[in-house]
Protein chains: 2
Amino acid sequence: MVSIKDVAALAGVSDRTVSRVVNGEGLIRPQTKKKVQKAIETLGYVPNQAARLMRTSRSSVLGLITDVVSTTPFSTDIVRGIQDTLDDTPYTLLTVNTSANPAKEQRAWQIFREHGIGGVFYVTMFHRHVSSKTEFPNAPTVLVNCSAPERALPSVVPDDYQGGLDVVRYLVEQGHRKIAYVMLNELLLAADLRGRAFFDGLAAAGIEVRKEWVVPGRVGAIFADRFVAFENARRLLSSPDRPTAIVCGNDETALQVYCAAADLGLRVPNDVSVVGFDDFQVISTGIQPPLTTMALPYRDMGALAVRMLVDIIAGRSTAESQVKYPCELIRRGSVASLK
Amino acid sequence: MVSIKDVAALAGVSDRTVSRVVNGEGLIRPQTKKKVQKAIETLGYVPNQAARLMRTSRSSVLGLITDVVSTTPFSTDIVRGIQDTLDDTPYTLLTVNTSANPAKEQRAWQIFREHGIGGVFYVTMFHRHVSSKTEFPNAPTVLVNCSAPERALPSVVPDDYQGGLDVVRYLVEQGHRKIAYVMLNELLLAADLRGRAFFDGLAAAGIEVRKEWVVPGRVGAIFADRFVAFENARRLLSSPDRPTAIVCGNDETALQVYCAAADLGLRVPNDVSVVGFDDFQVISTGIQPPLTTMALPYRDMGALAVRMLVDIIAGRSTAESQVKYPCELIRRGSVASLK
DNA sequence: TTGAAAGCGCTAACAT
DNA sequence: ATGTTAGCGCTTTCAA
């Protein structure tokens with residue numbers, strides 16, 4: 001392995017000088033600098049991060065701890081946002097997946113300690129509160145897609161409530177008043193937030209909620225739940241007095257609603273309008289007509305989380321530390337105007 | 001930071017002895033061992049991997065270099081297979097995403113060198129040959145979902161050809177003889193493999209290929225291509241003499257074919273059978289009827305890659321080093337029997 | 001079965 | 001503007 005000493009020897013300077021060049025410290029004669037750089041090039045020297053970490057105890061590695069996000073197709077954009085933004089920093093990612101298993105999570109934190117990592121992204125697949133029992137060892141940590149309300153941990157979550165509200169508002173603007181809702185699994189925080197927004201949105205528009213038009217899309221324990229959206233949407237749509245628009249808990253649900261409509265020979269959006277949630281593009285741009293849906297700002301959330309963590313490590317305090325990121329409606333072809 | 005010396009002091013032994021206990025080396029009095037373990041517990045000692053690496057130059061970190069796989073929903077199962085299997089080893093993953101950008105890829109290798117990582121998984125989103133210009137620095141490397149035919153690098157790829165053959169065979173078994181094919185983007189290696197299998201499969205069954213029944217599903221440069229599957233499938237299906245079954249380049253394509261059928265008021269599988277490729281579950285189990293599709297063995301490929309790399313690092317030579325992993329047909333509800 | 005000494009590659013602190 | 005010394009925490013080597 002080529003070390004700083006080899007470079008120093010070749011350049012005819014001391015190792016300390018090489019270190020200064022490598023780290024861009026000032027006070028070096030341009031001529032010396034050039035000599036050193038040539039030697040580095042010649043020998044193909046790369047700094048040894050382990051040695052550096054040992055000496056400085058400042059690590060160039062950040063930890064990414066996920067429950068299932070990195071291995072599940074939905075929220076991968078969070079990780080993408082983190083990785084892309086990290087490219088503009090000197091940091092690299094050590095990733096550990098816990099499969100939502102507490103023993104593995106504890107092991108993950110130990111791994112991070114062993115590597116002396118500088119900070120941690122704690123990312124969850126579903127928007128949720130982290131259990132108050134979850135321990136966050138003393139490395140600086142930013143929660144992404146989850147929050148710890150009772151503790152003051154920095155976090156970035158999507159504004160599901162605002163998103164839900166905007167969906168209803170848009171539908172009402174387009175002239176819809178007979179609006180149904182196929183829910184997410186009730187156990188999810190997002191289900192609660194989006195659901196409340198649905199009710200509040202209708203109320204704000206002076207529209208009365210019809211209970212039989214609010215149906216579950218997915219039931220059972222998380223990770224072991226099953227779809228019922230197809231059947232429920234089919235029932236909704238086979239009634240002679242059917243809704244003109246269906247709000248879906250997410251895009252997967254919307255896909256099932258499309259299938260239910262097809263099964264009944266109904267057309268989207270002519271016979272029924274559909275709005276999704278997530279903008280999971282494999283679905284939203286893969287189906288015909290393409291889906292109007294509320295986009296979850298996953299990439300931006302990841303990018304923001306990086307900026308926050310980097311700031312915290314640098315000792316700069318972040319402007320705001322518990323961020324709710326706005327969602328934006330993506331208008332495509334699945335909503336008809338009734339005006 | 002708690003070091004081995006703190007533990008040694010508390011246990012009343014030398015630091016060397018603590019090291020022996022931590023690393024499970026033999027020749028230690030059980031009594032001494034117990035003392036040391038108690039001290040470790042008390043102090044919450046964790047070994048410092050940086051120091052260990054510096055001394056031994058054997059790293060506990062492996063590199064994961066991906067083009068876009070880790071940030072794209074399709075082949076994430078490869079990464080899942082790698083991560084899950086790594087849990088049974090002492091290794092951790094340092095992940096770098098290159099966005100298929102050569103400069104970033106080079107930087108990735110440098111990062112790996114800086115960290116002295118022990119080996120690398122080189123994972124691609126699409127099954128392809130890696131360019132002969134790609135340099136693989138001297139760390140042990142296993143290619144996943146790609147191969148370097150002219151170089152003898154260990155690799156794990158899916159057997160797309162066998163998968164394609166089995167799809168056609170299955171359809172023929174079910175009594176289909178009027179079979180169409182909606183292709184993948186022609187630029188993909190998988191497109192070539194699956195396409196050849198389609199033709200060979202029909203030939204083996206004594207069925208003549210009808211050129212107008214082989215249509216593109218996606219056209220344009222990779223990453224900038226667009227779907228044409230919907231329109232093409234719609235055209236195929238609106239002819240009075242239409243195929244009884246459509247083989248799709250992948251599940252996304254199958255989704256478009258479903259939409260085309262729905263658009264024409266046709267039913268799957270009664271009016272037309274559909275087979276996908278990939279078993280991308282959001283689609284294959286999300287649509288109605290659920291999709292019969294050829295599963296890509298991504299998780300198993302990841303798991304195998306881990307075993308191969310671990311073996312190589314340990315100096316054991318792997319049984320076989322260029323593996324084609326078989327694909328398995330998942331029978332669900334989208335194929336009708338014509339017998 | 002245990003310990004002492006040395007050194008991996010780097011940078012902080014202090015010269016010069 | 002550059003060099004010297006020391007030591008981060010660990011394991012290798014050798015000795016007891």
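Heavy-atom basis, side chains included; hydrogens, waters and symmetry copies ignored. The structure displayed is predicted, hence computed values, not measured ones. Here is the naming used below: chain letters follow the sequence lines, and residue numbers restart at 1 for every chain.
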Integer-rounded Å distance: [N] [atom2] and [X] [atom1]:
{"X": "B:Arg55", "N": "C:dA6", "atom1": "CZ", "atom2": "C1'", "result": "8 Å"}
{"X": "B:Lys33", "N": "C:dT2", "atom1": "NZ", "atom2": "C1'", "result": "16 Å"}
{"X": "A:Leu53", "N": "C:dC8", "atom1": "CG", "atom2": "P", "result": "19 Å"}
{"X": "B:Arg20", "N": "C:dT2", "atom1": "CZ", "atom2": "P", "result": "8 Å"}
{"X": "B:Glu25", "N": "C:dT1", "atom1": "CD", "atom2": "C1'", "result": "12 Å"}
{"X": "A:Arg58", "N": "C:dC10", "atom1": "CZ", "atom2": "P", "result": "15 Å"}
{"X": "B:Arg52", "N": "C:dG7", "atom1": "CZ", "atom2": "C1'", "result": "18 Å"}
{"X": "A:Lys5", "N": "C:dC8", "atom1": "NZ", "atom2": "P", "result": "6 Å"}

Please work out which of the three classes, parallel, tilted or perpendicular, describes the rings of A:Tyr122 and A:Phe136, given edges at 30° and 60°. perpendicular
Of A:Ala51 and B:Val13, the one whose nearest nucleotide on DNA chain C sits closer to the 5' end is B:Val13
Tell me whether the side-chain N/O atoms of B:Thr32 come closer than 4.0 Å to OP1 or OP2 in C:dT1.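 Answer no for this pair, as no side-chain N or O of B:Thr32 is under 4.0 Å from OP1 or OP2.
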Quick one: is C:dC8 close enough that its OP1 or OP2 comes under 4.0 Å of any side-chain N or O from A:Asn48?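 No, because none of the side-chain N or O atoms of A:Asn48 sits under 4.0 Å from OP1 or OP2 of C:dC8.
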Taking any atom closer than 4.0 angstrom to a non-hydrogen atom of chain A, what span of DNA chain D does the protein reach, first nucleotide to last? D:dA1 to D:dG9
Verify, without hydrogens or angle tests, whether A:Thr98 (side chain) and A:Ala100 (backbone) share a donor-acceptor contact under 3.5 angstrom.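 Yes, because the side chain of A:Thr98 sits within donor-acceptor range (under 3.5 Å) of the backbone of A:Ala100.
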Side chain of A:Asn23, backbone of A:Arg20: donor and acceptor closer than 3.5 Å?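 No; zero donor-acceptor contacts below 3.5 Å.
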Among C:dG9, C:dT1, C:dG3, the one nearest any side-chain atom of B:Ser14 is C:dG3
Is the shortest distance from a Lys or Arg side-chain nitrogen in B:Arg128 or B:Asp67 to a carboxylate oxygen in the other one below 4.0 Å?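 Yes, B:Arg128 and B:Asp67 are salt-bridged.
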Is any side-chain N of the basic residue among A:Arg107 and B:Asp87 closer than 4.0 Å to the acidic one's carboxylate O?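 Between B:Asp87 and A:Arg107 there is no salt bridge, as every charged N stays at least 4.0 Å from the carboxylate O atoms.
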How is A:Arg16 classified with respect to the nucleic acid when contacts are heavy atoms under 4.0 Å: base, sugar-phosphate, or nothing?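 Base contact.
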For a quick check of understanding: with a heavy-atom distance under 4.0 Å over all strands, which category does B:Ser57 fall into, base, sugar-phosphate or nothing? nothing
Check side chain to side chain donor-acceptor pair (under 3.5 Å) between A:Glu114 and all other residues, then give those that pass, not counting sequence neighbours. A:Gln110, B:Gln49
Hey, are A:Asn97 and A:Thr66 close enough side-chain-wise for a donor-acceptor pair under 3.5 Å? yes
